[in-house]
Amino acid sequence: MKTRKGNKTYPLTAAQYLHYYCLATCPMEQVLNIGSSLTIQVELDWDLMRESIQEAIARCEAARIHLAFDKKENKVYQYVVKEYDRPIEHFDFSGWTMEAARDKMTEWTHMPFARYDAPLNRIVMIKTPDGYQGIYMCVDHLTMDAQSLIMFFRDIIEIYSHKKYNAVDYPKEMASYLKQLQKDLEYEAGSKSSQRDREFFHKLIASSEPIYTDVYGGVKLAEERKKYNNPNLRAATVIPETMEANLKNFHLEAEPTARMMKFCEDHHISMTCLLMMGLRTYLQKVNNQDDVSITSTVARRATLTEKRCGGTRIHCFPFRTIVPREDTFIEGICKIRDGQNMLFRHANFSSPEYFYYRSQYYKLQHGQTYEAMALTYQPLGMKYTGPGHEKMKDIKYRAARYGNGVAGQPLYLTVSHHPEDDGLDFCFEYQTGAVDDAKLQDVYYYVCRIIFRGIEDCNRTVGEIIDWI
């Protein structure tokens, strides 16, 4: 298939296939839906907002991606349409309760998109029961990831602000999704850099076998060893009875968040490293195991073009650390930093190919893995902070995320900055049959205790911190 409805077609990228494979294992197509809203405490000009949204769509090729299925080739293609043919809806929740409004937007997020030859997002202008006004958007993960969605929201805000407030500059142009797509496909077609990355990961996989660590401790691994009558088994099966899922959010206030940010700045480390240290130390504690693996997501948005091209660019790789109890907190973080830097250098490699090769190398059974959960940190905020922002400095923002009711993995923690107070939101997406609310409270509580005990004196040993908490 070379063209579709007069538009040039392109294969899916490795990042898109990572999500597309979820459809093969999940009977509910909304598994790829991302629902979120951004509202502000101000009266909006709805005609101007609709015009701004339409303008943002015209500037963002990723907002106009369609999929096509070629029956002869049994293959999925993508193309970008010239015009967006879905209405910008308007819904007023005045008179509703906040809970009922949230339930309604969750219901919208549960609605799957037509898979082929149709828009893969829905945008609704909303007014919440408490008077906040803004946008709800549901988007298919094949066309946008969280960073892409945040950038799209910000583009709408900046366009609207420019039209409404003369002192606010018109935003910079978005980068071309199609140009970046072609670069990605050239890499995946057998470039020298892709071969170097392949050699790196093959060597890494062959170096030694990880071991499964779970938020519930060693119970699942013990059961797996008994099932296969193999006391040395290091992988466990994580196929759930149901893929039904929910979201659970915990909020860390601005002051402790500021302490975390300062620690990162003082020690020249990323927030991802600090969060990973807290999480892997918790797993180390409950599993009594120094060898811990967590799935790490890589946004792959290093260049300005990658930051502004939209689309979905996330690759996921297991991130393994071995941190003995004798290591200090800062030594553990440095191991994470060095490992992450090495991983990032090769992160364009196909995640599906990585997992397939590892399963073959260690002869894993269907559903067996070494990672019980995944972590991602989203540094981008929703607020406009450019020239003329003082005209908007007193405007309060609110961001919300809505579950689609299903998840492809047992536990996924997303940490992002809260637009109202600059604190951190810890949002757990979890399969309800795999994890319960009490355990999520446990994870959040102990991860925070570990982090703040560590940054209080980063020369404390990991063992001292584990024994203290």
Side-chain angles (χ1 to χ4, degrees), residues 11-26 31-32 76 141-142 145 147 181 183-213 234-239 272 276 279-280 283 291-302 306 311-322 335-336 338-377 407-413:
L12 300 185
T13 64
Q16 289 173 309
Y17 272 118
L18 181 66
H19 301 303
Y20 197 79
Y21 289 151
C22 288
L23 296 173
T25 58
C26 181
V31 66
L32 298 182
V76 178
H141 216 335
L142 282 164
D145 55 29
Q147 299 243 22
L181 171 64
K183 290 181 182 179
D184 293 338
L185 293 174
E186 286 170 6
Y187 165 89
E188 295 172 13
S191 64
K192 290 182 179 179
S193 57
S194 69
Q195 185 55 37
R196 286 195 297 269
D197 294 340
R198 181 174 290 105
E199 291 169 359
F200 165 80
F201 280 115
H202 284 193
K203 184 178 179 180
L204 180 66
I205 289 169
S207 63
S208 65
E209 186 178 12
I211 188 167
Y212 180 81
T213 49
R234 297 172 70 86
T237 303
V238 295
I239 299 176
T272 299
M276 182 68 76
L279 198 55
R280 59 101 34 231
L283 291 171
D291 189 342
V292 175
S293 291
I294 297 169
T295 300
S296 179
T297 61
V298 184
R300 298 192 309 126
R301 294 192 186 274
E306 289 171 343
T312 188
R313 300 192 54 74
I314 288 176
H315 280 188
C316 299
F317 298 100
F319 185 68
R320 181 188 184 191
T321 50
I322 301 174
K335 285 185 176 181
I336 292 171
D338 294 345
Q340 290 269 295
N341 288 341
M342 184 171 59
L343 183 68
F344 292 159
R345 286 196 291 270
H346 301 277
N348 282 326
F349 187 65
S350 165
S351 301
E353 184 178 339
Y354 174 99
F355 285 106
Y356 177 77
Y357 181 84
R358 188 180 71 169
S359 68
Q360 295 297 301
Y361 188 89
Y362 287 109
K363 298 179 173 57
L364 300 182
Q365 301 296 317
H366 176 62
Q368 282 186 337
T369 187
Y370 306 101
E371 299 81 34
M373 67 174 301
L375 169 69
T376 188
Y377 166 64
Q409 53 189 321
L411 185 58
Y412 186 6
L413 171 59

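Being a predicted model, the structure only gives us computed values, none of them experimental.
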Applying salt bridge (Lys or Arg N to Asp or Glu O under 4.0 Å), name anything that partners [X], two or more places apart in sequence or on another chain.
X: R313; result: D184, E306
X: E209; result: none
X: R320; result: D291

Inter-residue atom distance [X].[atom1] - [Y].[atom2], 0.5 Å rounding:
X: L18; Y: I314; atom1: CG; atom2: CD1; result: 8.5 Å
X: R345; Y: L343; atom1: CZ; atom2: CG; result: 10.0 Å
X: I336; Y: I294; atom1: CD1; atom2: CD1; result: 8.0 Å
X: H346; Y: N348; atom1: NE2; atom2: CG; result: 10.5 Å
X: R280; Y: L283; atom1: CZ; atom2: CG; result: 8.0 Å
X: Q409; Y: T369; atom1: CD; atom2: OG1; result: 10.0 Å

(request) Compare all side-chain heavy atoms of F344 with those of Q340 and state whether any distance is below 4.5 angstrom. (result)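 Yes, close enough: below the 4.5 Å cut-off.
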(request) Would you indicate whether the side-chain heavy atoms of Y370 and P318 approach each other to under 4.5 Å? (result) no
(message) Suppose the criterion is salt bridge (Lys or Arg N to Asp or Glu O under 4.0 Å): which pairs have a residue in residues 366-377, not counting sequence neighbours?
(response)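 Sorted pair list: R358-E371.
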(message) Going by salt bridge (Lys or Arg N to Asp or Glu O under 4.0 Å), name the pairs with one or both residues in residues 195-204, residues two or more places apart or in two chains.
(response) R198-E353
Those residues that, when tested against [X], pass side-chain hydrogen bond (donor to acceptor under 3.5 Å, both in side chains) (two or more places apart):
X: T297; result: T376
X: Q368; result: E224
X: T295; result: none
X: Y354; result: none

Shortest non-hydrogen contact from [X] toward [Y]:
X: A15; Y: T312; answer: CB-O, 3.6 Å
X: S194; Y: G190; answer: OG-C, 3.7 Å
X: Y357; Y: I205; answer: CD2-CD1, 3.6 Å
X: V31; Y: G408; answer: CG2-N, 4.2 Å
X: S193; Y: Y187; answer: OG-CD1, 3.3 Å
X: Y21; Y: P352; answer: CE1-CB, 3.6 Å

(request) Quick one: do H315 and F349 satisfy side-chain contact (heavy atoms from CB on, under 4.5 Å)? Show the steps, please. (result) CA-CA 8 Å; H315 280 188; F349 187 65; 5.7 Å; no
(request) Show your reasoning for whether side-chain contact (heavy atoms from CB on, under 4.5 Å) applies to Y212 and V238. (result) CA-CA 10 Å; Y212 180 81; V238 295; 3.7 Å; yes
(request) Show your working on side-chain contact (heavy atoms from CB on, under 4.5 Å) between T237 and Q365 and close with a plain yes or no. (result) CA-CA 8 Å; T237 303; Q365 301 296 317; 5.6 Å; no
(request) Run the numbers on Q16 and V76 for side-chain contact (heavy atoms from CB on, under 4.5 Å), then give the verdict. (result) CA-CA 11 Å; Q16 289 173 309; V76 178; over 6 Å; no
(message) Using a 3.5 Å distance criterion without hydrogens, assess whether the side chain of S350 forms a donor-acceptor pair with backbone atoms of A14.
(response)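 Not at all, since once roles are kept as given, no pair shorter than 3.5 Å links the two residues.
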Please identify each residue that fulfils ring pair (Phe, Tyr, Trp, His ring centres under 6.0 Å) with [X], with sequence neighbours left out.
X: Y362; value: none
X: Y20; value: none
X: H141; value: H19

(message) Between F317 and F201 (judged by ring centroids, cut-off 6.0 Å), do the two rings come close enough to count as a pair?
(response) yes
